[in-house]
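For reference, the structure is listed below as structure tokens.
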There are 2 protein chains.
Amino acid sequence: MKSKITLKELAKLLNVSISTVSKALHDSPEISPKTAERVKELANLHNYKPNPVAVNLKKSKTGTIGVVIPNISNSFFAKVLSGMEAEAQEHNLQVITYISNESLDREKQICDLLTSGFVDGILIAVSEETQRKKDYDHLFALVDYDIPVVMYDRINIDLPADKVGVDDEQSFFEAAKYFQVKGLNKIGLATAIHHLGVGQLRIKGYGKALKEPNLPIMAAATKPTELRKKIKSLITEDKIEAIMCTDFESTIMTTRIAYEEKIKIPEDLKVIGYIGKEVSEFLTPSVSYIEQHPNEVGANTVKLLNKRLEGKAVSGEFEEKIISTSLMHLESTKF
Amino acid sequence: MKSKITLKELAKLLNVSISTVSKALHDSPEISPKTAERVKELANLHNYKPNPVAVNLKKSKTGTIGVVIPNISNSFFAKVLSGMEAEAQEHNLQVITYISNESLDREKQICDLLTSGFVDGILIAVSEETQRKKDYDHLFALVDYDIPVVMYDRINIDLPADKVGVDDEQSFFEAAKYFQVKGLNKIGLATAIHHLGVGQLRIKGYGKALKEPNLPIMAAATKPTELRKKIKSLITEDKIEAIMCTDFESTIMTTRIAYEEKIKIPEDLKVIGYIGKEVSEFLTPSVSYIEQHPNEVGANTVKLLNKRLEGKAVSGEFEEKIISTSLMHLESTKF
DNA sequence: CTGAAAGCGCTTACAG
DNA sequence: CTGAAAGCGCTTACAG
């Protein structure tokens, strides 16, 4: 790499000391306007930029934050990352990504790596496997290490850390209520993520809305073939009038099965799904969905971390921020 | 943050010099086995890890690479990033992400930031706007700055840099040939990315396969409403027998229009699209697609950069690696 | 107003 | 075999 000019070299060219150059560039009042001018001019000419590694060593920080993402192909997380990146820019933080691929082992590796001092703080959504096995030791290790941690989205772990979540329970409570108000009684639910905290919250919201004579009717399975069978049964045998899907897989599988079984959406079956706008809008028919505002989730996560990094948060006290969802109506809920 | 133990502190505890500790931990032959043992034991006890910022300052590098991503919600790029991250781990490189949101201005900002020394090398897929306006000055500035750059996916720019691309042209040539062998004559193409290099390559491949009496029949538009009208015309008026779609939008829009127009896929219309597996498999019907092996693209991009960072690449000579695609048959190409 | 010195935490050539 | 010294590039308290 073309060797960048350093303070030392600028100092030599100007026949002043390194301290003077550094102070001049920082607009220190100690420096005479004349010298400051000279220094800045030459610095500009040579396009001087302080070496961030040196600055960080001096300041005992890294200027970076680590983001642990379970699955970047999940468009929710992709958008969360985008929101984080944008917000991080505002605070001059660089975002280092670590992808756990929903694996506990990988997540542990990453957490171990993160204690090496690569980052000033950590944003994490735990992996599916972590939640299933309820193995949180590595997370507590992180916190014990006194490195600021903010959990996002998958936050139902009793960890002393800031958290940013989505109002999962409320979203499905409202969705079910919407159907009830419209006079529907047989409202089903399909889920492939009942083992995840967010899935459980969504199911809980649905359950709260359903009281006699509206009993919960659920299809829950992780294995696609299993789920398919159960959803099919809901649609064809239980003859539900509406279905709420907790995740991408169950949503798109539901539309698929309805198509195969010649059940018309929305005429015979209303559908609300957890699915991104880009896909939802193009489905046939388009599927009404819960908008989770992932950009907001990402931005708020970085904001909480930054607050802590800047020492504006009370040590030992933690914030929990919940982002409200919006129910977006497309064709699949047309009455 | 709990202050991590340093070499200095270890040295004091052991009553030896800092140099000795450092050498012992690096298995230097200069150090007696006995001392080495003592040092390592205490280091382990205190879970000593060298401060990466200090090490990097010493070695005049950052240990990080910057990845510029046009749009992380595009699942192709999301998977590329995943491949990069995995490969970077292998080489002990941290991946810093920068998302340009397909904006030229943002891309310029990022490139400017990247010359500040945050990263050792850069992986970039240029934004749509950059390609449209053919404004590449900031990219040349990067190269002139002597920071290693590897372009990926969108590589049709005459920049002296390593490149990793997808065999876009060949993919559509083969797809068209497939239809021809099956005896189809009226093969259409739909595209929302004809202004992008990769789009042009796909169209070119399609065009090469089509010779009299099979004339190209194309629907090309960036605006959704415009594209919709054109695709509809292809399907209903030109009565094409097969359609090839260059991107997610045109693919999913095509299935949507076919559904609305009651044109049956695959009976009346065969479809091949550029679309990810996760969505494709769940569409109704499922859509045959071009698999681009994004993980491979990502991994190879990092490999090329790493080769250069390690000084194993010849300065002034650049490699171009093309990843072959695979045509994946699902329901939409059933004969 | 300017500069010498110390120091962030490490590595390594050199002296003993 | 061990340690003092220099240095990576910067910042800043202190002396003059």
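We name chains A, B, ... by the order of the sequence lines, and we start the count at 1 in each one.
With respect to the salt-bridge test (charged N to carboxylate O, under 4.0 angstrom), the residues A:E129 and A:R106 do not qualify. Ion pairing of A:D137 with A:K108 is absent here, as no side-chain N (NZ or NE/NH1/NH2) approaches a carboxylate O to less than 4.0 Å. A salt bridge links B:E102 with B:R154; the closest basic N to acidic carboxylate O contact falls under 4.0 Å.
Under 4.0 angstrom from either OP1 or OP2 of D:dC10 there lies no side-chain N or O belonging to A:S22. For the pair B:T20 and D:dG3, the criterion of a side-chain N or O lying under 4.0 Å from OP1 or OP2 is met. Side-chain N/O atoms of B:T35 include one lying less than 4.0 angstrom from OP1 or OP2 on D:dT2. Between B:K8 and the phosphate of C:dC8, there is a side-chain N or O to OP1/OP2 separation shorter than 4.0 Å. Under 4.0 angstrom from either OP1 or OP2 of C:dA5 there lies no side-chain N or O belonging to A:S19.
A straight line from CG of A:D27 to P of D:dT12 spans 13 Å, rounded to a whole angstrom. One interatomic measurement links the two molecules: CD1 of A:I18 to P of D:dT11, which rounds to 11 Å at whole-angstrom precision. For the pair A:K61 NZ and D:dT11 P, the interatomic distance rounds to 11 Å; values are reported in whole Å. Atom NZ in A:K59 sits roughly 12 Å away from atom P in D:dA13 (whole-Å rounding). A:H26 places its NE2 atom 7 Å from the P atom of D:dT12, with the value rounded to the nearest Å. When the C1' atom of C:dT11 is taken as reference, atom CG of B:N56 falls 12 Å away, rounded to whole Å.
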Response to the item:
Each base of DNA chain D marked ( ) or [ ] if paired in-strand (Watson-Crick or G-U under 3.5 Å), | if paired to another strand and . if unpaired gives |||.||||||||.|||
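There is a side-chain donor-acceptor pair under 3.5 Å between A:T20 and A:S17. Side-chain atoms of A:E85 and A:S82 form no donor-acceptor pair, as typed in the model, at a separation below 3.5 Å. With no hydrogens or angles considered, a side-chain donor-acceptor pair links A:T35 and A:S32 at under 3.5 Å.
Tested against B:D162, the residues B:R308, B:K307, B:K321 include a single salt bridge (Lys or Arg N to Asp or Glu O under 4.0 Å) partner, B:R308.
Counting non-hydrogen atoms of neighbouring residues, nucleotides and ligands closer than 6.0 angstrom, the CD atom of B:E320 exceeds 12 such neighbours.
For B:K49, the salt bridge (Lys or Arg N to Asp or Glu O under 4.0 Å) partners are A:D112, not counting sequence neighbours.
Map A:T6 and B:P33 each onto its nearest nucleotide of DNA chain D; the residue landing nearer the 5' end is B:P33. Projected onto DNA chain D by closest heavy-atom contact, B:N15 and B:L57 fall at different nucleotides, the more 5' of which corresponds to B:N15.
Of the candidates C:dA13, C:dG3, D:dT11, C:dG3 carries the atom nearest the A:K23 side chain, counting heavy atoms from C-beta on.
Across residues 36-54 of chain B, not one residue has a non-hydrogen atom less than 4.0 Å from an atom of DNA chain D.
For A:K58 against D:dG9, a side-chain-to-base donor-acceptor contact under 3.5 Å is absent.
The main-chain N or O of A:V314 is never found under 3.5 Å from a side-chain atom of A:E317 such that the two would form a donor-acceptor pair.
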